[in-house]
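The structure under discussion appears below in the form of C-alpha cells.
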Amino acid sequence: MTVNYSLETATAKWNLIFKLGLKWKGSIWKLVLWETLVWLICTLILMFTFHFAVVGHPIEKDFKRFADYVTRNDLKVAMAFILAFSSAYCFNRWIDMYGLLHWPDDVAHSFNATVNDSALPPAEMLKLRSCVARYLIFGYILLLRDVSVKIRKRFPTLEHLTHYGGIITGEEKELLDIGRIGPENPHYWIPFEWIVTVVKKYYIPEQKEGFITGKARKIKKKQSIMSEKHYTEFVTTLFKLRGHLGDILSFDWVPMPLALTQVMTLVIITCAITQMFQAVHNGFQLGNFFEFSSFVGLFYTTFQMMIYVGWVKSFQVIENPFGEDDDDFEVNQLIDRHWQSLIRLLLDPLSAPPEIPKKLLST
Amino acid sequence: MTVNYSLETATAKWNLIFKLGLKWKGSIWKLVLWETLVWLICTLILMFTFHFAVVGHPIEKDFKRFADYVTRNDLKVAMAFILAFSSAYCFNRWIDMYGLLHWPDDVAHSFNATVNDSALPPAEMLKLRSCVARYLIFGYILLLRDVSVKIRKRFPTLEHLTHYGGIITGEEKELLDIGRIGPENPHYWIPFEWIVTVVKKYYIPEQKEGFITGKARKIKKKQSIMSEKHYTEFVTTLFKLRGHLGDILSFDWVPMPLALTQVMTLVIITCAITQMFQAVHNGFQLGNFFEFSSFVGLFYTTFQMMIYVGWVKSFQVIENPFGEDDDDFEVNQLIDRHWQSLIRLLLDPLSAPPEIPKKLLST
Amino acid sequence: MTVNYSLETATAKWNLIFKLGLKWKGSIWKLVLWETLVWLICTLILMFTFHFAVVGHPIEKDFKRFADYVTRNDLKVAMAFILAFSSAYCFNRWIDMYGLLHWPDDVAHSFNATVNDSALPPAEMLKLRSCVARYLIFGYILLLRDVSVKIRKRFPTLEHLTHYGGIITGEEKELLDIGRIGPENPHYWIPFEWIVTVVKKYYIPEQKEGFITGKARKIKKKQSIMSEKHYTEFVTTLFKLRGHLGDILSFDWVPMPLALTQVMTLVIITCAITQMFQAVHNGFQLGNFFEFSSFVGLFYTTFQMMIYVGWVKSFQVIENPFGEDDDDFEVNQLIDRHWQSLIRLLLDPLSAPPEIPKKLLST
Amino acid sequence: MTVNYSLETATAKWNLIFKLGLKWKGSIWKLVLWETLVWLICTLILMFTFHFAVVGHPIEKDFKRFADYVTRNDLKVAMAFILAFSSAYCFNRWIDMYGLLHWPDDVAHSFNATVNDSALPPAEMLKLRSCVARYLIFGYILLLRDVSVKIRKRFPTLEHLTHYGGIITGEEKELLDIGRIGPENPHYWIPFEWIVTVVKKYYIPEQKEGFITGKARKIKKKQSIMSEKHYTEFVTTLFKLRGHLGDILSFDWVPMPLALTQVMTLVIITCAITQMFQAVHNGFQLGNFFEFSSFVGLFYTTFQMMIYVGWVKSFQVIENPFGEDDDDFEVNQLIDRHWQSLIRLLLDPLSAPPEIPKKLLST
Amino acid sequence: MTVNYSLETATAKWNLIFKLGLKWKGSIWKLVLWETLVWLICTLILMFTFHFAVVGHPIEKDFKRFADYVTRNDLKVAMAFILAFSSAYCFNRWIDMYGLLHWPDDVAHSFNATVNDSALPPAEMLKLRSCVARYLIFGYILLLRDVSVKIRKRFPTLEHLTHYGGIITGEEKELLDIGRIGPENPHYWIPFEWIVTVVKKYYIPEQKEGFITGKARKIKKKQSIMSEKHYTEFVTTLFKLRGHLGDILSFDWVPMPLALTQVMTLVIITCAITQMFQAVHNGFQLGNFFEFSSFVGLFYTTFQMMIYVGWVKSFQVIENPFGEDDDDFEVNQLIDRHWQSLIRLLLDPLSAPPEIPKKLLST
C-alpha cells in the first residue's frame, strides 16, 4: 500500500535526498504542480499589473502600504499551529484506519487450529470450509465497497461478485437483500452472521452427563466440529475482525469537522495571498523590475509556497485513505491477496512437514 | 453522524476546496456569521468614532499610542498555544466519546452465537429474545436521555418509551422506579441487570456428577439455554457494553475545567479587541480614511478574525457532541437504527444460507 | 464531580460565553483573584515610585534601559512551551486518575451474575453478600483516605468507619491492624483479600470423578456457590478493581517532578515581573503619568496577566484532583453513592421483571 | 518514590509556590546550582575582559557586531521545540517505566485465590509457598540489578542475596549459573521458570474419564493443587509480571538516540553562549560598566538561564529513573516492601474475618 | 540494540555532557560530518565569490537586497513545526516497532507450562520440542529477511538457513516453497502454521463421555499432549507473536508519506540556503572580510547548521530501524540470542531446583 520507499531509507546515506527527491509517483512535485502554477501566474500578473499600471500612479503609495500591512500581519504562527494540529489528526486517523484493516488470515488460522476435521465427512467439511472462506471475503468486500471508491468501481453491483471467483451464489445474494435492515444501512456484517450460523449447524454444545437422558446418549453419537472452548475461541476471533471492520466505517462517518477543514483552507488561501503580495513587495523593493534579483526573490518565494501547500496536500491525501490518490491503500491488490490466502489456508491447508527429522539440533 | 464529506475528500482534486468551501450546514460560515458581524460593526463604529471625533483632538496621540501598544503586545503566541491545546483536548474527547458509543449489535450477535435454541420451547424463546432486545435498547435510551438534549426532548418522560414500539411495559416502568438508587443517580444500568436476571432464570450452572445426588439427576432433565462457558461469554459482552456506556456518562460529568474554558474565552476576546485596534490603527495609518485601501485592510483583518473565531467555534461545537449542533452525533437516527437492528438480529435471526452450494470454488 | 457545565455547552450558542463567564464556582475569577490583586498593587506601587522618585533622577535612564531590556528579552515563547507541556501532562494525569477511580458496581454485578443463590441457605447467603458489600466499600474508603484530604477529614480514624453504616465491626478493625505490613504502607487491599477468603470458604473447586474416592462422593453433597469458571470470572473482576485503585496510589506517589514545578513557577514569576516593567514602561512611554491612556494600558496588561496566571492555576488545580479545590473530585458524594448502590445491588437485588409480557413487539 | 509533594498540591492555595519553592531535595536549585555558577563566572570573566581589555580597542566594534549577530540569530524557537519534544519523550518513558514496574502482589493474590490448600500436607504446602515467594522476589531483584545502580551496589554478587533474608540457597545460586544463556544475557526470567516448574510438580492436568484406564483411576487419588482453569490463571498472571519486567529491560536498552541527546546538549550550550553575549551586550549597552543596572540585567539573565537549564535537567534526571538522583525510583525500599508483603501474603495468609457478623447492615 | 548509554545517564552528573559528547558511534558528529563539510565549502566559495567578484560591482546592491530578503523571510517557525511533527512521528514509529519485535521466549515458556510431558515417549517429545523451536526461529528469520537489510545479507537464500544450526531441512524448505501464495507475498507465517499442525497431531480434543461409543473409549487410551484449555492458551500465545510480527511488516509497508519526507527535505535545503546567505550577509556586514570576527560568525552559523541537520538526521536514522545505521536494531545478535534461548528453554528445560530447602524463611 501507499508509495513504499522503506528500502531506500533503511540506512541514512548522503544521496538519500536525491533518490527520494526525484520520485514522481506520490511526490510533492505531483501534488503541488497545479497549485504552484496557478499561484505563480497570479503573482506574475500582479507583478506586471503593478509595474505597468500602478507605479507612478497615486495608488502606488496605497498599494505599498497595503502590501506592507499584509506582510506585517501575516498568519504564519497561527497557520503553523493549525496545520500541525490538523496533520497530526490526519496522520493518527490514517495509521488507526490502517491498523483496523485487519487481515482475514487470523480467522482462517483460528479455524484451522480449532476445527476437528474428523467430525465431518471430507466432502461436507470441504463445503463448510468453502463457505467460511467465501463469506469472509464477501464481508470484506461489502465493507470496502462502502468506503472505497476503487472497490465500488470494481464491483458496482453485487452481480459482479458472483462472477469474481464464484464468491457468492445467486441465492446468497438474494438472502443478503432480505437480511438488510434498510437500503442505506451497511450490511457488511451479514456474511459474518452467516459464518456463525453455518458453523453452529455442525456444533454441538457440550452437555454434562447428568443432564442427558439415556435416550439422548444414544442419538448424539456424531461429533461436534468444535469443542465448546474452541467454538468460543473461533467466534471471538471472528467477532474481533467484524468489530475492527465496523470501526473503519465509524472512522469513515466521522471525518474532521467540516468547519475545521474550511478554517485550514482559509488559512492557506490567506497565506497564498500574503505570499503573493510579499513577492510583489519584494519585486518593487529590489528596485528595477526587470533586474535579475527580483526574479530570484520570486523563485525563493515560490519555493516557500510549495512547502506550505505541499505540507497541506500531503495530509489531505491521507485524510481519506480509501480514495484514488497515489498514497491511498491499494485495496484491489489486498482483496486479491486475501482471496488467494483464504483459499490456500482454508481449502488447501498445509499438511504437517513430511516427517519430523530424526537428526537432532546442533548448535 | 456529523456532517459527512468523506466521499468528496477520497481523492484530493483541485476543486476540492471549492466543493467543501461552499457547503453551509456545519460550515465555518454558519458558525462565525454572527460573531464576525458583531465584530465588524464594532470596528466600523470605532473607525468612524476615531475619524470624526478623535482625529485632531489632543486625545489622538494617546489613542495612537494605545493602539500601537496593543499591537506590539498582542497575545498571538499564547493564544496559538492555548487554542492548540484546547482543541487537541476537545478532539480527543470527541473521538473517545464516539468510540465509546458502542452499538448493541455486539451483544445481539453474541446472544445468537451462544444461545442453545433447542433448550426452550419456541414461544418462550421468542419471549426471552424479545426481552433481551427491549432491555438493550431501553438501557441505551436511558443513558442517552442523561447526556443528549435531543433524546431528552424526544422522550421527556418514561411514558413516551412505552409508546415507542412497545419497548417497555407499564410494569417494567414501575420496576425501574423502584430499582433506582436516588432520583439524581443515573439508572441506565438497571435494564442490563434485568437482562442478566432474565437469562440467568433459564441458565443452569453445570454441576459435575459427583455433587449431584441421584434424585437431582432425575429432576434436572431440562437443558440450560447456555453452557457455562457461553453464559460467561455473553455476560462479559453485555457488561462491556454497559461499561462503555457508563464511561460516556463519566466523560459527560468531567468537562474541560471551567477555568480553562474561561481562559480560552478571555484570550479570544483579547484577540478580537487587539484586532479591532489594529484595523483602526491600519485605517488611520493608511492615511485618508475614505480611501479604498483602508477598507481592503479591514477586509483582510476581518478574514483573519474569522479564522481565529472559526477555529475556536469548530471545537466548541464538538466539546459536547450530544447537543443540537450540526456536527453533533445524530442520536435519534442511531436509536431507530439500533432498534431495527436488534429486532432483525434477535427476533428474526437469519437462517443459514439455503443450502451450501455444491460447486466448488474456482480461482 | 468537578464543576459541571456540560448542559450549557451542548449546543454552541452566541450567549454561551456570557453564561459561562459569569459563573463563580471553579471559575478563573475566583482562582486568580488574589494573584491579580497582588500583582496590580505591586505594579501601582512601582508606577508611583517611578513617577515620583525616579523621573528626573539620573537613575531614570538606567531604569528605562532595564525596562527596555526586560521587554526585549521576555520569556514568552519558552513560557508558552513549558506551560503547554505541563498543562498537557496535568490533564492527562487528571483524566487517567478519573478513569482509574473505577466504581465497585462492576464487582457487584459480576457477583450477581456468577453466584449460585441456591447453594447456601438464604440467611447465610445474605451474610455472605453483606460481607462482600461491606469489604468492597471498606477497601474503597481505605484507599481514598490515603489520597484524599476530604475523606481523611471525614474518617480521621478507623473508629469512624464502624459508625458509618456499620461498615466494619470492631473485630474486623483489629484484624486489619494485624494484617498491615507496616504502619506507613497502604492497606487498602486487605479487605479485597478478605472478600476472596470469604468467598473461597463456600467455593468448592471442581474435581473430575476420577480423582474422588467413593467416600468423598458422598460427603461432598453441598453445592459450590460458584462454578470454577464463574469463580475465576468474579475474582478477575475483583482483582481488576484492586489493580485500578492501586494505580491511583501509584499516580499519587509520582507527581510531576518537583524541579519542573519549580521551573514553571519561576517562569510565571519572571513573566509577572516582565509584565510589571512593561506596564510601567508603557506608563511613562505614554507620556503624562496621570493621563487616561496609561491606565487603559494597565488595564490591558492586567488582563493579559490574568490569562497567563489563569492558565497556570487552571491546571495546578487539577494536578492533584483529590484536594478541596472546586474542580476536585467529589469523593464524599461518590462514597455515599457507592454504599447505597452496593446495598441495592448485593443485599436487595432486583428480581426479574414480574413476568415476561405476552404481547410481542410491534415496530 | 521520587520526591513527593502531592499533599501540598492537593488544594491550590496562595502560599503553594513558597512552600514548594523552598524545598531543596530534588529541587531546581540543587539541580542547576553548579551549572549556573559556572555560567555566571564565565560571564563575569567575559564582562571584565570586555571592559578592561576590549573597550577602546579596535576589536571593540567587531565584538559588538558579533554580540549583536548572536543576539539576532539565537536559536530560541528551535530550542523550545527540541526541548519540548525531548521532555515529552522522557516523561512518557518515565511514566511508562513506572507503570511497568509491577508489584509481585498480583501474583501472590492470584496464588492465594487459585490454590487448593487441602491438596498438600501443610508442611509441604508451606515449602511450596516459600518457594513461590522467594523466587518472585529473586527474579525481581535480578532484574533490578541489571537496570538500577542502587540495587547493583546493594547486591554486588549473588552471594549477597543468600544472606538477605535467605532468599536463595547455595544450590539455587548454582542452578541459576547453569541456566543462564550467556554471561551478558539477562537472566531475571529463570526464577519465574522455577516457579512454573515447582507448581507444575504438584499440578495434575485433568483427564476426562474416557481417557483413563481403570488402573490409572486408582493410582491418581491425590489431588491437584490447582484445577486446570486456576493453573492457567495463575501462570498467566505470572507471565504477565515477567513480561512487564522484561519490558523494563527493553526500555533500558533503547534510550533516546545518542545523536538527539547530543543535539539537545549542543542547543543548550549554544543558548548559554548566546545568553552570555547578550548579558555582556546588555552590560555595555547600559553604559557605564559599574552601574547598578548592568548587574540587575545580569541577574535577570541568570534567572533566564536557570529556567532553561532547569528545564533540561529536570527531564535529564528522569531519563533514566533507575539511577541515584533525588527523583529516581526508591527501588531499595520497594524491594524491602515487596519482600515483607510476599511473606505476609504467601506464608502468613490472613484467615477469614473471625466470623461473619450477625447484625445486618443499617443504612 | 542501538547505541546504549543508559548507564551513563542513570545519575545526572556535571560531566555527563562531556562523556556523552565525545562518543563517536551513533553520534551527531558522525551523522552530520559530510553535510556540514559540504555546506561549509559552499558557504566559503560563496563568501570568496562575493568578496572578489561581487563587491564593488553594481550587482552588489542586488545581492545584499536578496540576502536581506532571505534573512527576513526565513522559514524557521514552519521548519520547527514540520521537524517537530516528523520527529514525533518517527519516534513513535520506532518505539512501536521495537515493542512489536516480541521475543519468542513467551511461546517457549507457554509451551513448557502447558505441555504434558508424560503423554509422549521422551524421544518423540524431544522431536516435537525441536520442531517447535526450529519453526519459531525460522518464522522469525523469514520475517526479518523481509524487513532488515542485515538479515537479508546474512541469509541471502533459504539454503543458508539449512546450514545455520540445522534450522530447517531440505524437505521443509521445499514445503515452504509450495506453501507460498505468491513470490512477492510474505511467508513468515508458514512456520507458525506448521507449529500448529505439528502440535495438533498429538492433541486430542476432549470429548465428553456422552458422545463416545464404547469402542472409542477403548481405542483412545493415549493421552493428549495438552488439555483443551492449555492447547487454546498455547495457540493464543503463538498467534499473538505471529500477529505482532505481522504488524512489523505492516509498519514497513506504510512509511511516512513520500510527499511529507520531501517537504521536510525541501525545508532543510531552504534553511541551509538561508543560513548560507545569512553567513555571507554577516560576513560583509561585519566589514572587512579578512577580519577575525567574520569567521567567528561563520563558526557560530555552522554550529547552528549542525543542530538543524543533526536533528533531522537523528530521526531519519530511526525512520527505518532495520537498516545498517549505528542506531538500528542489532537483529543479528537478536537472532543468535533467540536461537540459544529457544534451545535452552525447549530442548534443555531446567528441572526444578534440586529440593525445596527445609529451613523456612527468616525475615
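Chain letters run A, B, ... following the sequence lines, proteins first, then strands; residues in each count from 1.
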Practice prompt. Name the region of E:Thr237, side chain, backbone, both or neither, that has any atom closer than 4.5 Å to a heavy atom of chain D.
Written response: neither

Fill in: Distance in Å, E:Asp105 CG paired with D:Arg242 CZ, rounded so as to fall on 0.5 Å steps
7.0 Å

Fill in: Test ring-ring contact (aromatic ring centres under 6.0 Å, His included) applied to E:His109 and D:Phe192, step by step
CA-CA 10 Å; E:His109 280 292; D:Phe192 291 95; 8.8 Å; no

Worksheet item: Heavy-atom distance under 4.5 Å to chain E: side chain of D:Thr236, backbone, both or neither?
Response: side chain

Response to the item:
Between D:Phe239 and E:Ala113 the two heavy atoms that sit nearest each other are CZ-CB, 4.1 Å

Fill in: Parallel, tilted or perpendicular, as decided by the 30° and 60° cut-offs, for the rings of E:Phe91 and D:Tyr89
perpendicular

Worksheet item: With chain E, which of D:Leu266, D:Ile268, D:Val199 has the greatest number of heavy-atom pairs at distances under 4.5 Å?
Response: D:Leu266

Discussion item. Exactly one of D:Thr261, D:Leu260, D:Leu258 should register a side-chain contact (heavy atoms from CB on, under 4.5 Å) with E:Ser314. Which one does?
Written reply: D:Leu260

Worksheet item: Side chains of D:Lys200 and E:Asp117: does their closest heavy-atom pair fall under 4.5 Å?
Response: yes

Practice prompt. Name the region of D:Val235, side chain, backbone, both or neither, that has any atom closer than 4.5 Å to a heavy atom of chain E.
Written response: side chain

Worksheet item: Under the side-chain contact (heavy atoms from CB on, under 4.5 Å) criterion, do E:Ile307 and D:Ile82 qualify, and how do the steps go?
Response: CA-CA 10 Å; E:Ile307 287 170; D:Ile82 293 178; 4.2 Å; yes

Discussion item. Is there a side-chain contact between D:Asn92 and E:Ile95 in this structure, where contact means two heavy atoms from C-beta onward sitting under 4.5 Å apart?
Written reply: no

Practice prompt. Against chain E, work out which of D:Val196, D:Val267, D:Val77, D:Leu176 has the most heavy-atom pairs shorter than 4.5 Å and name it.
Written response: D:Val267

Discussion item. Is E:Phe81 in contact with chain D via its backbone, its side chain, both, or neither, using a 4.5 Å heavy-atom distance?
Written reply: both

Practice prompt. Check whether any side-chain heavy atom of D:Val263 lies under 4.5 Å from a side-chain heavy atom of E:Met306, and answer yes or no.
Written response: no

Worksheet item: Judged by modelled atom types alone, do D:Glu228 and E:Ser227 share a side-chain donor-acceptor pair under 3.5 Å?
Response: yes

Fill in: side-chain contact (heavy atoms from CB on, under 4.5 Å) assessment of E:Lys229 paired with D:Tyr231
CA-CA 10 Å; E:Lys229 175 95 191 140; D:Tyr231 174 74; over 6 Å; no

Practice prompt. Calculate, to the nearest 0.5 Å, the distance between atoms OG1 and NE2 belonging to D:Thr232 and E:His230 respectively.
Written response: 3.5 Å

Worksheet item: Does some side-chain heavy atom of E:Leu345 sit less than 4.5 Å from a side-chain heavy atom of D:Trp189?
Response: yes

Item to complete: Please work out whether the ring planes of D:Phe85 and E:Trp311 are parallel, tilted or perpendicular, with thresholds of 30° and 60°.
Response: tilted

Worksheet item: Hey, is E:Arg344 close enough to D:Glu193 for a salt bridge, meaning N to O under 4.0 Å?
Response: yes

Item to complete: Answer yes if the side chains of D:Thr274 and E:Tyr300 hold a donor-acceptor pair under 3.5 Å, and no otherwise.
Response: yes

